K.L.:
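First the structure, then my questions, so here it is.
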There are 2 protein chains.
Amino acid sequence: MSQSTEQPSERPAGRAVPTSADVARLAGVSRATVSYVLNNTSAVRISEPTRRRVREAAEELGYVPHAAARSLRAGHSRMVLLPTPHVQVGPLYSQFFNEFQWALRRLDYTVVQYGSVGLEAEEAARAWAELRPVAVVALGESRLTGQGVEILKRSGARAVITLGTERVEGAHALVMDQGRVGEAATAHLVETGRRRIGVVVPEEPGLAMFSGPRLEGARRAVAGTGATVVPLPLRYEEESANALAARWRALGLDGVFAYNDEYAMLLMRALQDADVAVPAETAVVGADDLLLGRLLRPRLSTVRIDMVIGRELAELVDRAVREPEAPPRTSDLMASRVVRRESS
Amino acid sequence: MSQSTEQPSERPAGRAVPTSADVARLAGVSRATVSYVLNNTSAVRISEPTRRRVREAAEELGYVPHAAARSLRAGHSRMVLLPTPHVQVGPLYSQFFNEFQWALRRLDYTVVQYGSVGLEAEEAARAWAELRPVAVVALGESRLTGQGVEILKRSGARAVITLGTERVEGAHALVMDQGRVGEAATAHLVETGRRRIGVVVPEEPGLAMFSGPRLEGARRAVAGTGATVVPLPLRYEEESANALAARWRALGLDGVFAYNDEYAMLLMRALQDADVAVPAETAVVGADDLLLGRLLRPRLSTVRIDMVIGRELAELVDRAVREPEAPPRTSDLMASRVVRRESS
DNA sequence: ACGCGTCACTGACACGTGTCACCCTCTCGC
DNA sequence: GCGAGAGGGTGACACGTGTCAGTGACGCGT
């Protein structure tokens, strides 16, 4: 790349990106004045005619300030970084995320999702730190370590918050207690008299962070009740479900928590095709309370998950940013409750 | 919009963010040397002992370069901006996006999703331009205008690409021909002898960009065949579907394209509950080829949509960045084909 | 004439980085 | 002895912005 010193002859489009200096020149004022006008700084008084001239010049040139230069000078930004998950997320999650983003913007933050596919934990943290975000809200799935938190804080992040199943040293944590989902579903099955309870564990990679805790929760629910839990690996494919259904009677199960409504629908169809009566012979419970589950016959029982609303989380971020010295707190991100329909 | 000018700004942690100057001091070399070493610039020769001293100093301080300062100095960045949709996107789309991001990163681009909720078209474009991205890949839904493209290009963006249903002046366009989906489904219904064909139009806001073209496509499919198309507004709720099913016979429809598989499942259940025989009395076709559709009885016919793979789009972006002067091109993002099962 | 205050504006620096043009010190060939 | 060349580094500038301290002009009271 050759540098052009004065006359930018290499611009292909024939025009350089306008800066505040260009605006100043066109308006016949100093650059400082341009800055004052465009940020309408209250501490300095600029006459109305000058203000207008500056605004018109900016408009004419199509001037847009340079965010990087601005935050470099300011020494900080109001950028909140959300490492993008590379896992499939359900509609519940994506709605929550949208709400969260919207709320942060209301609080005058700039939300940036930034993917870091294929990087190791510490390396990813370093990549995020380069952007000098004021806060980082990371999914548990992004495998942020205590080391990573340290890197981020050292690079100026005033708040690091994890959304996940477990805490990370030094970071605020919003715990999604996935265990409660499995626990609620299984407790319900036990209460309605089921004794041998299957728990579907999806084989799809990336779901482990959800399925593991849900299985653990199920185990907690049966502890001391005499009922037992049987893990059931399952791929989200018809053949896999049919194979499972074929050996259903051999397994001797009278109830199943199917991970979520989609897996439940898949399994329920396979069971019915194999002449296993639902709920008479085997009760089925899903999770997420999808509309589609209500359309089945029998209607699918489910665990309804209510997530913290985005606005609440946004306010938590804002508080954490304003009080970086406050000790990391842990709180619940979601609540679960069983919705009983006909399949259990 | 009140600005919070109040600014804590005192470093509470007592330690500033380390810069390359700090590294230089600690290593006992100049800042230039630090820069050369850490970017291992090949044109300049630095002795191995010095290199090691610099690397160790950087490690000890936890130095992370400042991306903003870097790209300010460089005059450009390799950031690709993806305005975040605030519409619900299906799994098809989100998988495509992940793949796309991954491919861009392979090409050494930095992918940033940036939401601009609640801003008007031109204002949003200005906000994106502040980040000085080298390329912008916008969903049609983000309502990018020709004016917006102009702003972005003037701010240094070398490529602007829209993913949507229609072209935008000055931008490369990847057209999702939603019309073809409706056309394929409806043509199939006509070919199998249906004459009065309903087309479900979701009432949910944000889906209009898909449903409108699909309806138009359906109209194209019946043109000259003697068959007719009837738009059917529907909310994604059981009551809405039941109400529609109740007046089904009055409508005299013998076929329906239900927008997608989810709406199809909703409608099919309502039809069956209202004793409308599928497919004998009315044929039903969905779209997206969800697994769940295959579980219905009768199995749901659908339109399978194959999207351009992410890598392809990433290469298109790369080419557009490298040849900014090339005229905007338009190409297809997806292909549709009918998968006939039992419901039609 | 002078001091003082206000108004409207400007000059200059700092933010953190990359890179170009030098500079110094050796060594070698003759 | 001395120029040539190479090895190993450094000084200084530029990128675009925000903001502090200052500056000239002007009005006003004495």
Side-chain angles (χ1 to χ4, degrees), chain A residues 1-8 11 16-25 27-54 58 61 63-78 129-132 154-156, chain B residues 3 5 7 9 11 16-25 27-54 58 61 63-78 129-132 154-156:
Chain A
M1 301 302 159
S2 69
Q3 290 280 85
S4 49
T5 54
E6 186 172 338
Q7 200 68 335
R11 284 194 311 270
V17 180
T19 73
S20 69
D22 297 322
V23 176
R25 239 183 322 270
V29 298
S30 76
R31 227 182 33 69
T33 302
V34 171
S35 178
Y36 287 135
V37 170
L38 295 185
N39 299 318
N40 35 17
T41 311
S42 51
V44 180
R45 320 181 48 151
I46 308 284
S47 70
E48 195 49 47
T50 303
R51 299 189 108 90
R52 204 168 40 239
R53 283 218 314 285
V54 170
L61 292 177
Y63 169 70
V64 174
H66 193 309
R70 175 178 290 190
S71 76
L72 175 60
R73 158 66 216 203
H76 71 280
S77 70
R78 287 186 66 80
E130 288 192 5
L131 300 179
R132 298 287 192 273
R154 190 175 278 256
S155 81
Chain B
Q3 292 279 83
T5 53
Q7 158 92 335
S9 98
R11 281 189 297 280
V17 179
T19 73
S20 69
D22 296 322
V23 176
R25 242 186 317 273
V29 299
S30 76
R31 225 181 37 68
T33 302
V34 172
S35 178
Y36 287 135
V37 170
L38 295 185
N39 299 318
N40 33 13
T41 310
S42 51
V44 180
R45 318 172 54 145
I46 309 283
S47 70
E48 194 50 46
T50 303
R51 299 189 106 90
R52 204 170 38 240
R53 283 218 315 285
V54 169
L61 292 177
Y63 168 70
V64 175
H66 193 309
R70 175 178 291 193
S71 77
L72 176 59
R73 158 66 216 200
H76 68 277
S77 70
R78 286 186 65 81
E130 288 192 6
L131 299 180
R132 298 287 193 271
R154 190 173 278 251
S155 81

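It should be emphasised that the depicted structure is a prediction, and the values quoted were computed from it without experimental measurement. Residue numbers begin at 1 in each chain, while the letters A, B, ... track the order of the sequences.
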K.L.:
Heavy atoms under 4.0 Å, any strand shown: does A:T50 hit a base, just sugar-phosphate, or nothing?
P.N.:
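If one applies the 4.0 Å heavy-atom cut-off, A:T50 turns out to touch the sugar-phosphate alone, with no base involved.
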K.L.:
Reading DNA chain C from 5' onward, which residue's closest nucleotide shows up sooner: B:V44 or B:P65?
P.N.:
B:P65
K.L.:
Whole Å only: how far is the NE2 atom of B:H66 from the P atom of C:dG18?
P.N.:
12 Å
K.L.:
D:dT17, OP1 or OP2 - any side-chain N/O from A:S20 closer than 4.0 Å?
P.N.:
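Affirmative; the distance criterion is met.
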K.L.:
Shortest non-hydrogen contact from B:L72 to A:A69?
P.N.:
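For B:L72 and A:A69, the tightest heavy-atom pair comes out as CD1-CB, 3.9 Å.
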K.L.:
Give a yes or no on whether a donor-acceptor pair under 3.5 Å exists between the nucleobase atoms of C:dA8, that is its base, and the side chain of A:R45.
P.N.:
no
K.L.:
Measure from the side-chain heavy atoms of B:R70 and tell me the nearest of C:dG18, C:dC13, D:dG9.
P.N.:
C:dG18
K.L.:
What's the closest nucleotide to the A:T19 side chain, out of C:dT17, D:dG16, D:dG9?
P.N.:
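Between C:dT17, D:dG16, D:dG9, the one nearest the side chain of A:T19 would be D:dG16.
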K.L.:
Counting distance only, does the side-chain N/O of A:R31 pair as donor-acceptor with the main-chain N or O of A:S20 below 3.5 Å?
P.N.:
no
K.L.:
Could you give the CG-to-P distance, from B:L72 to D:dG16, as a whole number of Å?
P.N.:
7 Å
K.L.:
For B:A58 and B:V23, work out which heavy atoms get closest and say how close.
P.N.:
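Smallest heavy-atom distance, with atoms named: N-CG1, 3.8 Å.
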K.L.:
Once you round it to whole Å, what is the distance between P of C:dG16 and CG of B:N39?
P.N.:
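After rounding, the gap between these two atoms is 17 Å.
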K.L.:
Under 4.0 Å between a side-chain N/O of A:S47 and OP1 or OP2 of C:dC9, yes or no?
P.N.:
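Yes, such a contact exists.
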K.L.:
Can you see which heavy atom on A:T41 is nearest to which on A:R51, and at what distance?
P.N.:
O-NH2, 4.5 Å
K.L.:
Using a cut-off of 4.0 Å on non-hydrogen atoms, how would the nucleic acid contact of B:T41 be classed: base, sugar-phosphate, or nothing?
P.N.:
nothing
K.L.:
For the side chain of A:A32, counting heavy atoms from C-beta on, which of C:dT19, C:dA12, C:dG18 is nearest?
P.N.:
C:dA12
K.L.:
Contact class for A:S35 vs. all strands (heavy atom < 4.0 Å): base, sugar-phosphate, or nothing?
P.N.:
base
K.L.:
Side chain of B:Y63, heavy atoms from C-beta onward: which of C:dT17, C:dC13, C:dT10 has the nearest atom to it?
P.N.:
C:dT17
K.L.:
Roughly how many Å is it from CG in B:L38 to P in D:dG9, rounded to a whole number?
P.N.:
14 Å
K.L.:
What about B:R73, does its side chain sit under 3.5 Å from the base of D:dG16 through a donor-acceptor pair?
P.N.:
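Such a pair does not exist between side chain and base.
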K.L.:
Would you mind telling me which of D:dT17, C:dT17, D:dG11 lies closest to the side-chain atoms of B:A69?
P.N.:
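Among D:dT17, C:dT17, D:dG11, the one nearest the side chain of B:A69 is C:dT17.
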K.L.:
So, does the side chain of A:Y36 form a donor-acceptor pair with the base of D:dC20 at under 3.5 Å?
P.N.:
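Per atom types, the contact qualifies.
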K.L.:
Check if the side chain of B:R51 and the base of D:dG8 share a donor-acceptor pair of N or O atoms closer than 3.5 Å.
P.N.:
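Result: no qualifying N/O pair found.
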K.L.:
Using side chain to side chain contact (heavy atoms under 4.5 Å, CB included), reason through B:R53 and B:T33 one step at a time and then give a plain yes or no.
P.N.:
CA-CA 11 Å; B:R53 283 218 315 285; B:T33 302; over 6 Å; no
K.L.:
How close or far is atom C1' of D:dT10 from atom CD1 of B:I46, stated in whole angstroms?
P.N.:
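These atoms are roughly 10 Å apart.
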K.L.:
Between A:T33 and B:G75, just flag the one whose closest nucleotide in DNA chain D comes earlier from the 5' side.
P.N.:
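It is B:G75 whose nearest nucleotide is closer to the 5' end.
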